[in-house]
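Worksheet for the structure shown next.
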Amino acid sequence: MLGENSSTDDRGSRLRARPGEAGDRGTSDSSWNDGAQDLPIFDLAVYWRLALKHAVLIIGCFLGALAIGASITLFMTPIYTARTTLQIDREAARVFNSEEVMPRESMIQGEEFFQTQYGLLRSRSLAERVIESLGLASSDEALRSFGAEVPEATGTAAEQAARRRRVALVAIQSNLSVAPVRGSRLVAIGYDNPDPIVAARVANGFAENFIQSNLDRKFESSKYAREFLEERIAQTKDRLESTERQLVAYAANQQIININEPGESRAGDGSTRSLTSNNLVALNGALAEARAARVAAEERWRSARRAPLMTLPEVLQNSSIQRLTEQRALLDAEYQQKLRLYQPDYPEMVRLKAQIDESEAQIAALAANIRRSIQSQYEIALNQERALQGQVNALTGDVLDLRNRSVQYNILQRELDTTRTLYEGLLQRYKEVGVTGGVTTNNISIVDSASPPANPSKPNLLLNLAISAILGLGLGVAAALLIEALDETIASPEDAESKLGLPVLGVTPLLDKGQTTASALADIRSAFSEAYYSLRTSLQFSTPDGTPSSLLVSSARPAEGKSTTAYAIALNLAKVGRRVLLVDGDLRNPSMHRIVGAGSERGMSNLLSGSAALDSLAQPTAQENLSFIPCGPLPPNPAELWGGDRVRQFLAEAREKYDHVVIDGPPVLGFADSPLLAATVGGVVFVTESRGTRRAQARGALRRLRVGRAHLLGIVLTKFNAKSTNYGGYDYAYDYSYGPDSGRDRAGRKAKRS
């Protein structure tokens with residue numbers, strides 16, 4: 001693996017200062033995930049960087065769309081648009097006093113009215129009228145004049161004419177436009193055609209035929225109303241005559257005679273009044289009067305029978321009794337005067353006494369007659385009441401019987417009245433329709449007739465270029481987003497952090513062609529070496545206690561640069577005076593002995609199997625303070641060796657002699673070695689190749705490490721091509737070299753970014 005590339009960013013201070021990385025997050029990668037949740041969901045800077053990343057694609061789509069739009073526009077046939085302006089007034093065509101043949105349009109229904117008119121302008125029937133009136137389907141030249149293909153001359157003449165009309169109809173409707181003028185009653189009828197004269201002719205033809213069709217509809221509606229009323233009048237007349245005959249026949253059969261007063265048609269209950277009913281009403285009134293007279297006479301007789309005779313008002317008010325009373329009073333006075341002179345038996349006194357008795361007898365006789373007269377009046381009134389009551393009772397039965405027989409009569413009478421009213425109303429409406437049927441009012445007028453346009457309306461170069469530009473930008477952005485969404489690789493530190501949820505400890509640049517990792521690491525001023533210096537700094541801040549005493553360097557798959565990274569970490573720790581033990585832990589495909597330049601006859605496989613001790617296996621290297629243990633013979637089952645207790649014993653023994661143990665572990669995917677080994681070390685550095693490792697692979701590997709309770713310190717992104725990655729003016733051209741050339745390069749890149 002000597003040819004693998006690996007390095008880190010000298011952004012040690014940046015890594016420590018960026019939120020959520022090793023210096024701020026502590027030792028747990030879960031805190032990094034928690035901090036990632038606080039990031040804004042919609043970040044404009046992210047999309048801006050994506051746009052700059054795919055700028056070539058977006059600009060290419062933009063320019064390509066512009067070129068295609070311009071080419072199509074230049075090769076398009078010029079189209080002329082002629083417009084006719086109509087005024088459509090809201091109408092209410094009244095043909096009756098209170099009714100209308102066509103519905104009255106209210107302010108609320110006005111929008112529906114205008115939408116109906118616009119629909120009529122676009123209707124197939126109007127287009128057929130225009131074709132017929134202008135003769136657009138009569139000849140091949142006429143069909144070609146408005147862009148229609150001439151159908152083949154096959155079949156009968158009627159079939160050919162029908163095909164021509166269909167072709168003309170499709171062509172004329174596809175080029176028609178109806179544009180209402182907002183806030184007014186105006187509507188513009190436009191027609192597109194390569195020939196301006198044909199366009200103006202067809203537009204005017206639509207306007208004229210629309211007005212004529214509107215008048216035809218009004219005439220047809222009035223004609224329909226007349227025909228409808230004539231039919232209904234005839235039906236109603238027959239029904240009226242039939243009902244009258246039924247009513248007369250039923251009245252004659254049931255002997256129902258109705259008498260109405262002048263000006264009175266029917267009784268309040270809706271039925272006519274019969275002769276028996278009139279008699280009953282009259283007798284009932286007479287009975288009431290007789291009953292009142294009888295009650296009065298009975299009261300007078302009761303008083304006359306109980307009271308003294310001479311105290312009756314009728315007696316006291318009688319003139320004869322009053323005259324006799326006065327005469328008796330005179331005789332009585334004369335008798336009393338002469339009684340002083342004569343004896344009662346004196347003839348004169350006897351005569352006066354006889355006259356007084358005669359007067360009293362006459363008075364008594366008259367009073368008795370008056371009493372008998374009162375009694376006679378009472379008896380007469382009583383007899384009269386009884387007679388009237390008998391007659392009323394008799395007529396009541398007759399009326400009830402008549403009412404039972406008049407039910408069907410009243411039904412026929414009401415039907416007759418209803419039919420007569422309907423008949424009279426239909427006659428009145430028929431007269432009104434006859435008067436107004438010839439009135440041809442029109443609510444549609446032509447404001448401006450179409451004239452042949454001087455300039456074409458299509459194609460519009462600026463509009464087409466604008467649409468092409470928008471479509472090109474949209475296509476480019478969509479393609480960029482699609483590529484980004486389908487891109488499963490991890491290309492940049494931001495991708496590693498956002499897709500894997502771990503901080504980036506370092507980024508190693510992609511080496512130039514022909515440059516080896518050994519030469520790059522040997523040059524202490526190279527960007528490759530400086531990247532690993534920065535990684536060493538990041539590891540010092542990865543835990544509260546600094547760089548872990550035992551480190552595992554692993555990756556998701558082979559050839560991602562983990563061996564180079566492990567060697568560079570051990571080398572840089574040794575350079576600062578740390579005692580470091582570098583271990584080749586890949587017991588399946590070891591390569592660290594080639595990087596270090598040591599033999600691999602005996603190594604970790606011997607130590608883990610218990611056949612060798614640590615001191616006998618550790619080999620010194622060219623770097624002071626750096627020792628190395630190779631892989632040794634390849635064991636048949638490396639996972640069993642890493643799962644034993646010898647690993648923990650080895651790490652405990654190594655901590656007593658070394659400050660740090662750096663283990664180059666095997667890949668995670670496909671093997672159980674790394675998860676077993678990760679559970680025993682103090683920290684794990686996960687190596688990912690830029691644009692080489694897919695997100696699913698890296699996530700699967702990290703998931704397996706987390707299941708093994710590994711302490712993930714962060715990610716090292718290897719083989720990063722800084723020249724091809726530029727987001728929003730902030731590039732990753734990690735230039736750790738020094739000297740005049742390097743300064744000029746950095747100045748040139750800075751000027752390019754500005």
Side-chain angles (χ1 to χ4, degrees), residues 236-237 239-307 312-320 366-425:
T236 306
K237 182 179 179 182
R239 190 170 62 187
L240 179 62
E241 293 176 353
S242 175
T243 305
E244 286 180 341
R245 292 190 183 96
Q246 293 177 12
L247 181 64
V248 172
Y250 185 81
N253 185 33
Q254 298 295 328
Q255 295 182 357
I256 299 175
I257 302 175
N258 293 325
I259 300 175
N260 296 328
E261 296 293 335
E264 180 184 8
S265 61
R266 293 191 299 185
D269 60 354
S271 61
T272 58
R273 180 171 295 177
S274 64
L275 180 61
T276 305
S277 299
N278 285 342
N279 293 337
L280 178 60
V281 171
L283 285 176
N284 194 54
L287 176 61
E289 294 177 359
R291 184 176 288 110
R294 190 266 305 169
V295 170
E298 183 179 4
E299 185 63 27
R300 288 196 303 273
W301 168 238
R302 187 180 293 110
S303 299
R305 185 175 57 184
R306 295 178 181 178
L312 296 176
E314 292 82 355
V315 174
L316 296 176
Q317 295 175 1
N318 189 274
S319 58
S320 298
L366 288 174
N369 291 334
I370 292 174
R371 175 180 285 178
R372 285 192 296 271
S373 175
I374 293 174
Q375 183 181 3
S376 298
Q377 291 177 359
Y378 164 68
E379 292 175 354
I380 293 171
L382 180 61
N383 294 332
Q384 186 177 6
E385 179 188 5
R386 290 174 179 173
L388 290 174
Q389 183 65 48
Q391 295 180 7
V392 167
N393 292 337
L395 285 177
T396 299
D398 296 341
V399 170
L400 292 177
D401 179 66
L402 179 63
R403 290 246 177 133
N404 291 332
R405 291 182 288 112
S406 298
V407 172
Q408 182 63 28
Y409 179 86
N410 293 333
I411 294 174
L412 294 174
Q413 182 66 50
R414 282 192 293 271
E415 184 179 357
L416 177 63
D417 294 341
T418 303
T419 307
R420 182 181 291 110
T421 303
L422 178 60
Y423 180 72
E424 293 174 353

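Start at 1 with the first residue, then count along the sequence.
- Between Y423 and K237 there is a side-chain heavy-atom pair separated by less than 4.5 Å.
- In this structure, the separation between CD on E385 and CD1 on I380 is 14.0 Å, given to the nearest 0.5 Å.
- The CD atom of Q413 sits 10.0 Å away from the OG1 atom of T418 when rounded to the nearest 0.5 Å.
- Here the straight-line distance linking atom CZ of R386 with atom CZ of R294 works out to 8.5 Å at 0.5 Å rounding.
- Electrostatic pairing of R420 and D417 counts as a salt bridge here, judged by a charged N lying under 4.0 Å from a carboxylate O.
- Smallest separation of non-hydrogen atoms from A290 and L388: CB-CD1, 3.4 Å.
- Between Q389 and R291 there is a side-chain heavy-atom pair separated by less than 4.5 Å.
- Taking OG1 from T421 and CG from L240, the interatomic distance works out to 9.5 Å, rounded to the nearest 0.5 Å.
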